[in-house]
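Here the structure is laid out as structure tokens; the discussion comes afterwards.
Residue numbering restarts at 1 for every chain, and letters A, B, ... go by the order of the sequence lines.
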Protein chains: 2
Amino acid sequence: MAQKPSTPDSSQTDLDQRKASILEAVVAEHVDTAQPVGSSSVTQNAKLDVSPATVRSEMVSLERQGYLAQPHTSAGRVPTDKGYRYFVDHLKSGKLGAAKQQQLSEFFATVRGEVEDVLEQTSMMLSKLTNYTSVVLGGSSSTAPIVSVQLVNLDAHHQLLVTVFSDGTVLKHSVLVDFEADHTDVAEASKQLNALLHGTTISDRVQVPSRQDGVATLVRESVAILHAEQPTREGEQVFIGGSSKVAESIDGVDNVRNVLAILEQELVVVSMIEEVLAEDVAVKIGSENQLEPLASCAVIVAPVTVEGETIGAVGLLGPTRIKYSELMATTRSVSEHLTKHFEGERDR
Amino acid sequence: MAQKPSTPDSSQTDLDQRKASILEAVVAEHVDTAQPVGSSSVTQNAKLDVSPATVRSEMVSLERQGYLAQPHTSAGRVPTDKGYRYFVDHLKSGKLGAAKQQQLSEFFATVRGEVEDVLEQTSMMLSKLTNYTSVVLGGSSSTAPIVSVQLVNLDAHHQLLVTVFSDGTVLKHSVLVDFEADHTDVAEASKQLNALLHGTTISDRVQVPSRQDGVATLVRESVAILHAEQPTREGEQVFIGGSSKVAESIDGVDNVRNVLAILEQELVVVSMIEEVLAEDVAVKIGSENQLEPLASCAVIVAPVTVEGETIGAVGLLGPTRIKYSELMATTRSVSEHLTKHFEGERDR
DNA sequence: TACTGGCAGTCAATTCTACCGAGTGCCAAG
DNA sequence: CTTGGCACTCGGTAGAATTGACTGCCAGTA
């Protein structure tokens with residue numbers, strides 16, 4: 001009785017038709033009710049013509065394989081992370097309801113302003129739309145060409161480097177030098193920087209003057225600082241919308257506290273999202289998340305891509321019992337809208 | 001028996017010595033234990049040489065006057081908002097513990113970087129130090145003189161106005177015009193703007209050209225946009241540190257949710273803080289807050305003032321049962337440190 | 001007159017008991 | 001392989017009893 005030869009070689013990674021249906025029904029109902037689901041309600045909701053007893057024995061098997069779990073004897077079953085994973089993997093990509101589609105279109109038709117504002121508003125909108133916490137990751141150090149570079153004299157030893165990119169991004173950095181720079185030096189350096197960098201991107205390398213005078217030093221320093229932007233991914237912006245939803249959707253004060261604490265650490269959020277994207281997965285369920293406090297959470301992420309380059313991402317954070325189909329569709333749709341939005345901007 | 005002529009005319013706004021001591025003891029213990037406090041523990045902790053019975057009758061009187069409340073018969077007493085208010089008003093400004101003073105000094109000795117970074121880090125530090133949520137409000141549209149103004153051509157109808165202030169603040173705005181502006185127009189407008197605005201602040205009014213050509217229009221638009229900054233207080237920055245602490249310190253999921261929702265709305269936070277500052281009060285307790293969801297919260301605020309002008313504020317948000325003395329001292333100290341920090345920067 | 005100790009009364013919180021019912025596992029029959 | 005039947009388990013709920021921390025009141029005392 002150790003092995004069940006029900007359907008040949010199907011019990012390892014795949015489930016037979018009926019087991020799949022049962023799993024699906026359990027997921028659906030548990031997402032809906034937040035309660036463990038029993039064998040009889042499965043027979044009603046799944047379009048299976050079998051008795052509860054049959055379902056029960058199947059559920060025992062599903063539990064052995066790790067797809068379901070029992071909170072305690074004489075309770076119904078609850079999907080495990082593995083169960084959700086199977087469910088998600090076998091989801092035929094659902095479509096977004098017309099109403100929501102409409103709302104999204106309206107939002108993106110009316111949204112205006114700086115890149116940051118668009119991303120922030122998107123994040124808030126997404127959270128309001130779904131009632132979950134949203135995370136929007138945007139435009140790391142811009143890959144757009146530089147439109148203008150300017151050094152501003154704060155005082156003799158401190159300059160401020162202000163860089164404007166063609167997509168409207170503005171970056172600023174302190175530049176410290178160990179000699180006294182006067183206004184004319186700074187103005188001259190500014191001029192040279194503009195000549196040097198205008199039209200380039202931060203990943204382009206440029207020839208810098210090697211002279212040892214003040215102006216040349218300023219120019220070298222500034223270029224170095226700008227180029228240093230690239231690898232560190234510093235300047236990545238994170239917009240979190242609806243952190244209050246955490247309190248609603250996650251239960252257990254401790255869990256809420258921990259999840260909020262994670263959201264506070266933007267770097268952690270960035271790496272979390274990047275990890276999800278790196279593995280080319282759109283969803284991380286419960287313990288699949290590296291971060292232990294997220295064991296009770298599901299994360300859904302979709303990239304925002306402009307001309308083949310991933311320039312950001314939009315994500316949702318909720319409990320594992322979440323409407324995957326709908327929310328995945330929403331996330332994907334928002335990311336597509338954003339992509340279109342930014343491509344539109346670029347072409348103008 | 002309707003009136004108690006115990007001490008002549010003292011029962012209206014002020015409390016006699018003993019009542020004050022009792023109130024203080026109740027506040028102290030309730031802050032500590034979160035439990036209603038009974039008459040006998042008051043006799044032990046307050047340095048009063050009276051019996052519990054006496055304290056009880058005094059507490060009845062305090063309750064009649066609205067300083068204390070009973071959750072139910074046969075429970076101890078809890079301070080009301082009015083009780084806390086009295087306590088706070090009669091607090092001799094406490095001193096900060098040496099350890100915390102040390103930590104603050106160290107932090108401010110090592111903190112570096114752009115204004116935004118300093119404020120953000122301060123907010124995080126303050127939250128970590130106190131274990132409550134902190135709010136740091138910073139540098140509205142800078143009052144510092146303008147160092148440089150620049151128009152950047154995004155496309156024919158869209159320009160980006162980048163303004164750099166002497167304190168390192170950078171502001172950017174979209175400028176839309178209904179004619180086609182080419183690069184030379186924009187460059188010329190940029191030049192004129194610099195000549196016009198360099199050294200002025202946004203509250204200074206300047207003479208703008210009245211000609212109807214493109215360049216003049218650009219200049220007029222830009223100046224108008226900058227001057228519009230002042231009244232709206234747009235661009236006010238809010239840094240919220242430790243929102244996860246809300247989950248710890250406020251009880252009731254609904255309360256947590258509501259408070260978090262408020263913190264999400266930055267505008268609301270700004271107006272809340274400004275209201276506290278406007279009334280020249282440092283503390284708002286419970287129902288004193290205009291915002292209904294904050295009825296269970298206390299807010300402590302201190303202004304950051306540079307050369308007589310309020311350029312920001314630092315605040316703490318916690319439950320009403322909070323260590324007022326210590327946290328007020330901490331808040332004040334941080335605001336002073338910030339003041340010093342920015343004055344130092346300005347003088348450099 | 002102001003304070004005190006004593007005492008009866010109140011009420012939330014805790015514990016316990018009993019019970020219900022949803023749901024299971026097992027089994028023998030179809 | 002499926003099914004109905006049945007005994008069993010165990011969380012959740014409701015009600016009763018108990019506990020204990022207070023209070024308010026009062027009569028006695030300095």
Item to complete: Starting from P on D/dT2, measure out to CG on A/D16 and report it in whole angstrom.
Response: 10 Å
Fill in: Check against side chain to side chain donor-acceptor pair (under 3.5 Å), A/N131 and A/K245
CA-CA 6 Å; A/N131 259 307; A/K245 310 286 187 191; 3.0 Å; yes
Item to complete: Would you give a per-nucleotide map of nucleotides 20-29 of chain D, 5' to 3', where B means the base has a protein non-hydrogen atom under 4.0 Å away, S means only the sugar-phosphate does, and - means neither?
Response: -BBBB-----
Report all side-chain donor-acceptor pairs from residues 28-38 of chain B shorter than 3.5 Å, counting only partners two or more places apart or in another chain.
residue, atom, partner, partner atom, Å
B/E29, OE1, B/N45, ND2, 3.0
B/H30, ND1, B/Y84, OH, 3.2
B/T33, OG1, B/E29, O, 3.0
B/T33, OG1, B/Q35, N, 3.2

Discussion item. Does atom NZ (A/K323) have a neighbourhood of more than 12 heavy atoms from anything else shown, all under 6.0 Å?
Written reply: no
Fill in: Length of the CD-C1' vector between B/E58 and C/dT1, whole Å
14 Å
Discussion item. Output the rounded distance in Å from CD (B/Q35) to C1' (C/dC11).
Written reply: 15 Å
Discussion item. Test side chain to side chain donor-acceptor pair (under 3.5 Å) on B/S243 and B/T133; report intermediate values, then the result.
Written reply: CA-CA 5 Å; B/S243 39; B/T133 306; over 6 Å; no
Item to complete: Check the distance between C/dT24's C1' and A/I22's CD1 and give it to me in whole angstrom.
Response: 15 Å
Worksheet item: Within less than 4.0 Å of OP1 or OP2 of C/dT4, is there a side-chain N or O belonging to B/T54?
Response: yes
Worksheet item: Are side-chain N/O atoms of A/T330 and A/S333 paired as donor and acceptor at under 3.5 Å?
Response: no
Worksheet item: Is atom CG of A/D49 surrounded by more than 12 heavy atoms (other residues, nucleotides or ligands) closer than 6.0 Å?
Response: no
Worksheet item: For D/dC1, does OP1 or OP2 lie under 4.0 Å from any side-chain N or O of A/R18?
Response: no
Worksheet, complete the sentence: Atom NE2 of A/H72 and atom P of D/dC10 are separated, to the nearest Å, by 10 Å
